[in-house]
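All remarks here apply to the structure that follows.
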Amino acid sequence: MSSKESCRIELRTAIRQLSDRCLYSASKWAAEQLVGIEQDPAKFTPSNTRFQRGSSSIHRRFRTNEITSTPPTGVAYVSTPVMEEDEAIHGDFYLLAKSYFDCREYRRAAHVLRDQTGKKSVFLRCYALYLAGEKRKEEEMIELEGPLGKSDAVNRELVSLERELATLCKNNTIDPFGLYLYGLVLKEKGNENLARKVLVESVNSYPWNWSAWSELQSLCTTVDILNGLNLSNHWMKEFFLASIYQELRMHNESLSKYENLQGMFTFSNYIQAQIAKARYSLREFEQVEVIFEDLLRNDPYRVEDMDTYSNVLYTKECFSALSYLAHRVIMTDKYRPESCCIIGNYYSLKGQHEKSVVYFRRALKLNKNYLSAWTLMGHEYVEMKNTPAAVDAYRRAVDINPRDYRAWYGLGQAYEMMGMPHYALHYFRKSVFFQPIDSRLWIAMAQCYESEQLHMLEEAIKCYKRAANCNDTEAIALHRLAILHRELDQPEEAAFYYKKDLERMEAEEREGPNIVEALMFLATHYKTQKKFEEAEVYCTRLLDYTGPERETAKSLLRGMRIAQSGFPSMDVEHFHP
Amino acid sequence: MAGVVKAPGAFAITPHKVSVCILVNIYASPSQISVPFPFSSVSQHNRLGLYLLALTKSCDDILEPKLDQLINQLREIGGLLDHWLTDHVTSRLSSLSSPDDLFNFFNELRETLGGPDSGVMEDDQVILDPNSNLGMFLRRCILAFNLLTFEGICHLLTNIGIYCKEAISSCSSYELRRVDDSGNDFESLSEDENMDLNLVFKKINEEMEARKRATEQVSFHLHLPKELSTLVEDIEVSADPKSEHNDKGRESSSYASGELLRDVDPNGGVFLLTNWQIQGYLMEQADAIEKHGSSFTLNAFELTLRQLQKLAPELHRVHFLRYLNNLYHDDYFSALENLHRYFDYSAGTEGFDFVPPAGCNSFGRYEIALLCLGMMHFHFGHPKKALEVLTEAVRVSQQHSNDTCLAYTLAAMCNLLSEIGFSTTSGILGSPFSPMISVGTSLSVQQQLFVLLKGSLKRAESLKLKQLVAANHLAMAKFDLTHVQRPLLSFGPKTSMKLRTCPIIVCKELRSGYHLISEFCCEGSTMTADGAFSTAWLKNLQKPMGSLVLSQDNGSRNNYNPFLFFTQPSSIPGSVMQLVGSSYLHRATAWEIYGSAPLARANALVYATCFADASSSSDAALVHVKLIQHLAVFKGYKEAFAALKTAEEKFLCVSKSRILIMKLQLLHERALHRGHLKLAQQVCDELGVLASSVTAVDMELKTEASLRHARTLLAAKQFSQAAAVAHSLFCMCYKFNLQVESATVLLLLAEIHMKSGNAVVGLPYALASLSYCQTFNLDLLRASATLTLAELWLSLGSNHAKTALTLLHGAFPMILGHGGLELCARAYITEAKCYLSDPSFSVSKNPELVLDPLRQAADELQALEHHELMAEAFYLMAIVFDKLGQPEQREEAACSFKNHVMSLDHPHDVEDPIQSDTLLNA
């Protein structure tokens with residue numbers, strides 16, 4: 001990896017160039033990474049690291065493997081020369097246009113630049129036109145809502161923009177920013193292949209434009225497409241890969257990439273948030289919570305990614321923390337889909353599902369394709385017993401992203417609630433197909449098979465086995481497996497699972513009726529197997545508990561002693577549970 | 001943008017309506033003269049008035065004409081005023097350049113209307129009565145305009161701009177065409193202008209050509225659904241008088257499809273189908289898919305559906321159509337996916353129009369989803385899965401007390417159980433049936449089926465679902481045809497009961513199916529649920545329009561007025577016709593089984609002639625199969641194969657069609673008769689492959705295949721193997737309760753034993769077969785069993801010849817009346833043999849008694865090319881002639897005998913296009 005200093009220089013230039021072209025979110029991203037680069041200890045001054053201080057605790061806690069400090073060997077990163085500005089002297093018109101642009105007066109900005117021919121001016125003009133078209137499109141969408149929900153509003157600038165950019169591209173008088181815009185336009189027009197090509201060209205010649213990378217990412221929906229891209233090896237590519245791996249549900253790969261990057265960008269909030277998200281997908285909630293707490297300490301007005309945090313708080317049922325978070329984001333920015341989602345989560349946790357639905361609806365109004373809001377709204381409708389609405393919401397989520405296993409799971413649950421377990425199986429199957437490592441999904445599917453209508457116990461056992469293999473935290477699978485095997489009259493297997501269950505409960509120091517049940521079964525099982533020693537062990541353990549089992553254990557012990565001493569056993573069978 | 005799909009009843013102001021308003025304004029300009037300014041005569045004025053009336057009436061059409069089309073029409077009616085009118089309209093339209101212009105325009109319009117008390121008309125003044133058609137139209141337009149928001153007005157303005165711009169480009173091309181045609185409009189242009197214009201025209205023309213080519217290419221791939229394209233075409237026809245008399249040729253249809261594409265394209269022109277109309281279109285397509293099956297093109301329709309979905313994302317029925325489309329193209333995964341998607345979105349509350357909207361609970365009706373899913377699994381040949389799903393459907397519909405769905409589900413289950421062989425249903429049909437089957441699971445499949453059928457019928461009757469009742473009656477008839485009714489519980493003193501099927505019951509059931517049609521005749525259109533009337537309307541549009549579109553005396557060019565919405569072309573829906581038709585098919589089958597060939601044939605013919613339109617392609621194929629089989633049995637192979645050829649042309653020979661199966665059957669039989677045993681075995685194997693396909697095992701086909709296998713072995717004189725095959729076949733038939741087939745198999749066993757020389761062993765089989773035949777009233781089969789029995793007796797020795805002859809004579813009426821060529825010939829030969837072996841019979845005394853049947857047999861066998869039997873017949877003839885002392889005739893017969901024996905032993909490989917074809921294909 002190139003040295004920190006060169007990285008810093010690259011980013012500094014890039015930020016200036018990006019913000020000069022009004023690519024604000026890209027420049028924001030670049031700036032975040034810039035301050036995320038760890039300071040050399042030599043130049044360590046308190047004022048420099050003030051921003052970074054808070055993070056140290058978490059890094060100490062979670063940096064388990066020290067891969068971060070060693071850059072991967074054998075990867076030669078190309079150094080892309082920082083682009084020289086073609087217009088040394090900013091035209092006055094450009095300055096005016098940029099100020100108009102900053103005031104969101106896009107058409108005005110474009111108009112000012114109508115006769116300018118510099119690359120920068122051309123880009124800004126086109127970009128302003130594009131944004132003007134987008135703005136108008138969104139307004140029209142509301143104005144023209146048809147009775148069938150169709151809104152055929154389009155960005156009317158696309159056609160002329162495409163024509164102009166295509167000519168520029170053909171004449172080879174286009175800069176990487178122009179290429180980015182061209183890719184954007186092509187994507188919107190549905191010409192995905194060309195868009196990909198153009199965007200790749202853009203990021204290869206100017207890698208610091210994160211917006212271009214993000215567009216490229218949205219065009220890579222499968223691993224095959226990703227592998228087909230011809231990307232040169234810049235350190236920005238690592239960011240891209242990490243991000244796209246996460247999108248493609250390759251969480252472990254993504255996580256290792258991010259951890260690698262953290263070696264250089266130690267204090268980047270962005271990376272921290274992404275790691276949190278990856279860990280969330282891997283269901284490591286404890287760590288996610290710590291990371292987010294840390295992140296909020298450093299960056300208290302952050303709204304991005306906070307919906308993930310709220311999900312964690314929701315699963316951990318932290319009422320006050322969630323309400324605090326909700327309060328905080330609403331103070332920061334009320335009309336962000338994330339904010340609405342967090343509030344929705346809070347109400348859902350409080351059991352006020354109607355209100356929660358209102359907020360999810362608002363989130364969806366702000367962003368129609370906000371996936372998790374659809375899914376979460378589905379959950380709320382399930383809670384409200386409005387299954388058709390839930391099904392509808394889930395289905396929309398699935399149609400936006402067919403790989404969203406939560407929505408598939410929700411669909412399955414909804415149908416199971418309606419007493420259609422066989423129909424629900426289809427959805428559970430889909431869900432486990434996309435997320436085979438989640439034990440809850442397997443358990444849900446198993447319960448479906450187990451339902452009295454289907455009663456397909458063999459299949460249920462198979463599902464529970466899968467669940468038990470993937471870290472079943474709630475410890476349902478082993479117990480159910482044991483019971484099912486007992487019901488199917490397979491005592492050997494039942495004993496095996498009871499034993500395993502028992503071991504696990506001991507390891508986790510749990511108490512409860514399950515232990516007694518397991519002990520009871522094992523005692524009687526070994527007794528009938530004539531393995532009196534084992535049976536005795538379990539019987540003695542049973543003596544520690546109160547209740548009828550204790551008496552049974554006593555009599556079992558008595559029976560065994562009689563049997564061992566050679567007397568014919570009388571009627572021990574009476575005491576079988 | 002105007003590409004918004006209108007809500008029913010919404011009256012949106014569009015550029016077209018604005019231009020109509022302009023015309024109305026011209027027509028009724030508030031002036032004092034009786035004939036206002038531009039018009040030179042009253043008739044001219046009136047003509048415009050009539051035209052405007054027509055225009056206003058058609059303003060709820062699916063498609064609004066573009067400006068150039070309007071201009072063309074104006075040209076037709078305007079006569080001398082043509083230029084003035086078009087100029088006025090276009091200039092007025094293009095003068096509308098700001099929202100305020102629009103406001104002013106509509107204010108002006110208001111002045112055209114008379115006051116509310118303008119009933120008293122002043123002389124010489126044209127004032128539009130607000131209650132007249134035109135007045136109403138104007139008022140509606142003004143109202144619609146006033147309801148618009150400012151944004152709406154802006155959109156209207158931009159739309160008018162597009163409307164004019166499009167017209168200008170295409171208008172010039174129209175001019176160009178005129179130039180090409182006659183060149184008479186040319187004089188007014190000076191040379192220079194001419195040049196310039198020519199250039200422009202050329203350019204435009206090229207563009208148009210390119211566009212046309214593009215659309216042609218697209219339409220080539222697209223192969224648009226006929227209905228919609230013709231629909232568009234019709235509108236084109238009425239709008240463009242030039243192409244009015246075109247045939248529905250390739251050119252116009254490609255143009256039309258281009259038109260549709262443009263309409264679907266959101267950037268294009270105006271596409272105003274209402275929700276109802278699209279629903280109607282979709283329903284019609286659904287019918288078409290179900291009718292034509294896989295001959296419907298998959299991708300083209302998929303494309304249309306995708307476009308529709310883009311236009312109307314909330315129209316979920318598109319998903320259902322996709323499901324159907326995938327279903328009939330055997331795409332399991334997409335079908336499954338789309339089915340789930342459809343029901344997830346619609347919650348079962350749209351579609352399925354036959355469900356009365358009474359039980360509208362808010363929980364959705366997902367049981368219908370289950371019903372569909374079950375039927376899908378059935379279609380894809382997963383009977384067990386289907387049964388599981390249907391079981392769930394039963395439970396859920398009971399839970400939601402959706403009796404209609406329950407009835408349909410039960411019917412579907414009956415269908416499943418009767419179509420697909422289950423040896424046992426235990427474990428599948430379980431608890432949910434306890435309310436219906438209180439007896440428990442100790443019943444056999446057939447008994448369960450019977451109970452289900454009864455329950456389903458009762459339910460359907462109480463719910464007054466006529467079609468379902470009829471379908472159930474048919475299913476009942478089918479059941480009665482092949483099953484003996486036994487009491488479900490047999491305890492207590494055994495009541496005396498005859499263990500027979502009862503043809504009368506079958507007839508009764510079939511007959512009650514017909515009541516359906518009469519009920520529909522008198523009740524008319526109770527079936528019209530949503531969308532149905534739109535379909536009717538669409539159909540109406542497809543009829544050729546009156547060609548007097550724009551003639552002077554006929555101003556109302558629109559035959560399709562809104563009133564046609566409520567009249568239906570036929571009061572009997574297609575599905576009912578299909579049901580009634582299938583009852584004829586059932587009849588034909590019943591008669592086939594009972595052994596009345598003429599009646600079977602008659603019923604099949606009735607079906608083929610009367611219900612061909614309404615029938616699905618598989619039913620139509622079935623009836624053809626029946627007729628061809630009839631031909632083969634009664635007229636010989638030549639005719640049968642000729643008929644087969646026409647049938648093959650008519651039906652696409654898909655992999656597992658009935659036609660293909662029948663072809664194999666025919667080939668097999670002919671090969672057996674000719675003695676091509678290798679070929680016979682090959683064909684037989686092919687049949688076997690068809691029977692054991694990946695889709696569910698077709699029991700009927702399976703028995704057929706192994707029956708033929710046994711026959712082939714028998715013909716090859718491998719008796720023990722043949723007997724083994726037949727035996728295992730019988731076991732299977734017994735297991736799956738295929739009793740009619742059992743009778744046939746038993747008869748075959750008897751024949752095998754007879755041919756192997758074990759007549760004594762054969763006798764019990766023949767007798768068993770006879771008793772089966774009696775039980776099921778299989779009269780023809782019974783006659784043939786009697787014949788075999790006679791043959792068996794005969795082969796026991798000459799002292800049994802008398803018994804054999806009596807038996808034979810008893811069966812003769814049936815055999816001669818209804819039997820096929822082979823059966824008759826066999827009967828004749830056996831008769832002759834009986835006489836010959838009877839020691840008390842002397843040939844010389846009564847030679848014709850023997851010779852006559854033999855000659856007849858030989859004649860009949862000629863058509864079948866049945867060498868073995870022919871040889872036997874000639875052999876017997878030769879013996880008789882020998883005994884009679886007629887050496888010449890004896891030599892002749894002996895020669896024929898030799899020929900047939902030779903060809904039997906050395907089957908020469910005859911040219912046979914059909915057969916070589918099949919083997920290549922297979």
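Just so you know, these numbers use all the heavy atoms, side chains as well, and skip hydrogens, waters and symmetry mates. Throughout, protein chains are lettered first and strands after them, A, B, ... in sequence-line order, and every chain is numbered starting at 1.
The 12-atom threshold is not exceeded at CZ of Arg104(A), counting heavy atoms of other residues, nucleotides or ligands nearer than 6.0 Å. Under a cut-off of 6.0 angstrom, the local environment of CZ in Arg136(A) is crowded, with over 12 non-hydrogen atoms contributed by other residues, nucleotides or ligands.
Atoms CG and NZ, on Leu425(A) and Lys385(B) in that order, are 9.5 Å from each other to the nearest 0.5 Å.
Residues passing the salt bridge (Lys or Arg N to Asp or Glu O under 4.0 Å) test with Arg108(A) are Glu105(A), sequence neighbours excluded.
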**Request:** Output, in order, the C-alpha distance, side-chain angles, deciding distance and verdict of side-chain contact (heavy atoms from CB on, under 4.5 Å) for His426(A) and Glu337(B).
**Result:** CA-CA 10 Å; His426(A) 170 78; Glu337(B) 203 47 50; 4.2 Å; yes
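For the ring pair (Phe, Tyr, Trp, His ring centres under 6.0 Å) with His340(B), the qualifying choice from Tyr415(A), Trp408(A), Tyr423(A), Tyr394(A) is Tyr423(A), the only one to do so.
Taking both residues in full, the closest heavy atoms of Gln399(B) and Met418(A) are given as NE2-O, 4.1 Å, listed atom of the first, atom of the second, then distance. Between Pro421(A) and Arg395(B), the shortest heavy-atom distance links the atoms CD-NH2, 3.5 Å.
Checking His422(A) against Glu388(B) by side-chain atom types alone, a donor-acceptor pair falls below 3.5 Å.
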